[in-house]
Amino acid sequence: MNEHAFRSAAADAADRLADHWRSLAACELPVVPPGPPGTTLGVLPETAPERGEDLTDILDDTWRTIVPQLVHWQHPNFLGYFPAGNSPASVLAELVTAGLGVQGMMWSTSPAATELEQRVCDWLARALGLPARFTHASGRGGGVIQDSASSAALAAVAAALDRASGGRWREHGTEGRLRVYCTDQANHSVRKVVRVAGVGAPVLVPTVPGTHSMDPAALAGRLDADRAAGLVPAAVVATVGTTATCAIDPVPRIGAVCRDRGVWLHVDAAYAGSAALCPELRVADAEPDLADSYAVNAHKWMRTGIPCDILWVADRGELTGALGATSSYLRNDATDSGQVVDFKDWQLPLGRPMRALKLWYVLRAHGLEGLREVIRHDIRLAGLLASLVEREPGFRLVAHRLGLVVLRAETDEMTREVTRRLTGRPGVLCTPAVVDGRPVLRAALGSAYADETTVRRVWDTVRACAPPSP
């Protein structure tokens, strides 16, 4: 490909993206695509082209064939799941990262990529008010950018299993004795992580009635009972911002239980952890002073495109002891000196792209105060939606925390009917869940294009889906 073709295609792509963002902001596109399953497959050739095609034609096909069948996560009326934020700064960084095309598995393979990641992870740790021991500057801990909270939890659980087994896990696995604990409110990925790590299923700890948060006393009792039975409690996964209700497990009290029993505490703060950028939103129950590891998804609430999760550990040696491996072709003087960080030993894969450039661009383009305003803005909109729910006859507010609003209709059947009817409306997306055995509807604010008009429009749509009261 010649230089002129790339310049022209890149400029064309930027223009198309800018027009796409403008269309989203104006709600000119549906949130959910209209086509049935197989729509895109039906128009894609079954075999790859033998000869190369013009990039302009490929861009045309992207907007003709692919974009119309996407769920538009940046749409102001997208209130499903949790946000998947983005911004021009993040998109620009993705282009530069892809263009540079470096492999940052070790310091020696791209020194600037490694050192940039160390620095931005420290920036963010300080901005979130995390303990100093989670920083690279401390000399013992540090942060690493993972692709997701799932990968972060897997790395943390691996380190916990290794520590609890005295290193035997690396050769002998869990031997049927190691255990990991969480509540039934933890993200489903925790169950997958525990299964992949060879433990099987996590031990579910009861929650305090009415809170959906882990009961520290129940945790202590279960850990002690399991140890007395000859089992080995290895890790507890606490959640800051559960998916169903944004509940917060009491991290300091859980941490005390784990510290006293030598059990690893991993804090999954994928969504709500970002709120700590705002000092007024920090809550005592989320303080990870006694945690061994802590993870936040910057790609949820920091205008950073997916994937970008930051995992911090208090002791990097425990993480690299579990995941580190060195072959002859990876040996180099920098690694042997012990003076550098090799992020291949902080994650499951060997290879890794230059992950930090995207977060660096976003932090510099928005500044911490800009990101704080993003969070405050979304929380204000969620507050408006919650107030509309509370004032509406026939609806009940189930939970409201940060940018999440959870609601239901008068009866379970009416809630299911609202959900069914809303699914047929391509202009709005909320997601269902079950809370205390009852169906609910979740709405999570997070689009850069959402405003008060968005909230009122979405609420009018939800109300219109409600069947008459019995």
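Because the structure is predicted, anything quoted here is derived from the model rather than measured. Numbers here are sequence positions counted from 1.
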Using a 3.5 Å distance criterion without hydrogens, assess whether the side chain of Arg355 forms a donor-acceptor pair with backbone atoms of Ile145.
yes
Counting distance only, does the side-chain N/O of Thr242 pair as donor-acceptor with the main-chain N or O of Ala247 below 3.5 Å?
yes
How many angstroms lie between atom CD1 of Ile248 and atom OG1 of Thr239, to the nearest 0.5 angstrom?
10.5 Å
Side-chain donor-acceptor contact under 3.5 Å, Ser293 with His266
yes
If every non-hydrogen atom of Val341 is compared with every non-hydrogen atom of Thr114, which pair is closest and at what distance?
O-CG2, 3.3 Å
For Ile379 and Leu281, what are the C-alpha separation, side-chain angles and deciding distance, and is it a side-chain contact (heavy atoms from CB on, under 4.5 Å)?
CA-CA 10 Å; Ile379 289 174; Leu281 296 176; 3.4 Å; yes
Determine whether Ile310 and Met302 make a side-chain contact, defined as any pair of heavy atoms from C-beta on separated by less than 4.5 Å.
no
Pair His75, Leu429 - check side-chain contact (heavy atoms from CB on, under 4.5 Å), show working.
CA-CA 10 Å; His75 198 292; Leu429 179 64; over 6 Å; no
Do the side chains of Glu318 and Asp162 get nearer than 4.5 Å, heavy atoms only?
no
For Pro252 versus Leu290, what's the shortest heavy-atom pair and its separation?
O-CD1, 3.8 Å
What about Trp73 and Tyr81, are their ring centers closer than 6.0 Å?
yes
Check whether any side-chain N or O of Thr304 sits under 3.5 Å from a backbone N or O of Leu359 as a donor-acceptor pair, and report yes or no.
no
Any donor and acceptor pair, going by atom type alone, linking the side chain of Gln74 with main-chain N or O of Phe78 inside 3.5 Å?
no
Can you name the nearest heavy-atom pair linking Arg401 to Thr245, along with the distance?
CB-O, 4.4 Å
Can Asp60 and Arg16 be counted as an ion pair, charged N to O under 4.0 angstrom?
yes
Over all heavy atoms of both residues, which pair between Ile375 and Ser274 is shortest? Give the atoms and the distance, please.
CD1-O, 3.3 Å
Between SG of Cys258 and CG of Asp292, what distance do you get to the nearest 0.5 Å?
8.0 Å
Side chains of Gln146 and Trp346: do they bring a donor and an acceptor to under 3.5 Å?
no
Would you say the side-chain atoms of Thr183 pair up with the backbone N or O of Met214, donor to acceptor, closer than 3.5 Å?
no
Got Asp19 and Trp63 here, is their nearest side-chain heavy-atom distance under 4.5 Å?
no
Answer yes or no: are there more than 12 heavy-atom neighbours, outside Asp333 itself, under 6.0 Å from its atom CG?
no
Considering all heavy atoms of both residues, which atom of Ala25 and which atom of Tyr449 are nearest to each other, and what is their separation?
CB-CD2, 3.6 Å
With a sphere of 6.0 Å drawn around CZ of Arg364, does it hold more than 12 non-hydrogen atoms of other residues, nucleotides or ligands?
no
For Arg7, is the CZ atom crowded, meaning more than 12 foreign heavy atoms sit under 6.0 Å from it?
no
The side chain to side chain contact (heavy atoms under 4.5 Å, CB included) partner of Gln69 among Val32, Leu41, Thr40 is Thr40
Acceptor/donor pairs from residues 133-140 side chains to any protein atom, 3.5 angstrom cut, sequence neighbours excluded:
from	atom 1	to	atom 2	distance (Å)
Arg133	NE	Asp289	O	3.4
Arg133	NH1	Ala291	O	3.2
Arg133	NH2	Asp289	O	2.4
Arg133	NH2	Ala291	O	2.8
Thr135	OG1	Ala132	O	2.7
Thr135	OG1	Ser138	N	3.3
His136	NE2	Gly143	N	3.1
His136	NE2	Gly143	O	2.7
Ser138	OG	Thr135	O	2.6
Ser138	OG	Arg140	N	3.3
Ser138	OG	Gly141	N	3.3
Arg140	NE	Asp315	OD2	3.3
Arg140	NH2	Asp315	OD2	2.9

Kindly determine whether Leu204 and Arg191 satisfy side-chain contact (heavy atoms from CB on, under 4.5 Å), including the steps that lead there.
CA-CA 10 Å; Leu204 297 182; Arg191 298 177 189 236; 3.8 Å; yes
Counting distance only, does the side-chain N/O of Thr62 pair as donor-acceptor with the main-chain N or O of Ile58 below 3.5 Å?
yes
Val236 side chain near Leu265 side chain, heavy-atom distance below 4.5 Å
yes
Ion pair check, Arg119 and Asp122, cut-off under 4.0 Å
no
Going by heavy atoms in the side chains, are Ser213 and Gln185 under 4.5 Å from each other?
no
First locate atom CZ of Arg456, then atom CG of Leu381, and finally report the distance between them rounded to the nearest 0.5 Å.
10.5 Å
At their closest point, which heavy atom of Ala149 faces which heavy atom of Asn297, and how far apart are they?
N-OD1, 3.5 Å
Find out whether Thr461 and Leu422 are in side-chain contact, i.e. whether some heavy atom of one side chain is under 4.5 Å from a heavy atom of the other.
yes
Less than 4.5 Å apart, any side-chain heavy atom of Thr39 and any of Pro33?
no
So CZ of Phe82 and OG1 of Thr431: to nearest 0.5 Å the spacing works out to 8.5 Å
Return the SG to CG distance between Cys308 and Leu124, rounded to the nearest 0.5 Å.
8.5 Å
Within the distance-only criterion (no hydrogens, no angle test), does the side chain of Asp451 pair as donor or acceptor with the backbone N or O of Thr454 below 3.5 angstrom?
yes
Do any N or O atoms from the side chain of Asp54 and from the backbone of Thr56 form a donor-acceptor pair under 3.5 angstrom?
yes
Using modelled atom types and a 3.5 Å cut-off, is there a donor and acceptor pairing between side-chain atoms of Lys358 and backbone atoms of Pro307?
yes
side-chain contact (heavy atoms from CB on, under 4.5 Å) between Leu161 and Val157, worked out:
CA-CA 6 Å; Leu161 296 173; Val157 167; 3.9 Å; yes
Would you say that Leu445 contacts Val455 through its side chain, given a criterion of any heavy-atom pair below 4.5 Å between the two side chains?
yes
Got a second to check how far Asn77's CG is from Arg425's CZ, nearest 0.5 Å?
12.0 Å
When you measure from the side chain of Arg282 to the backbone of Ala276, do you find a donor-acceptor pair of N or O atoms at a distance under 3.5 Å?
yes
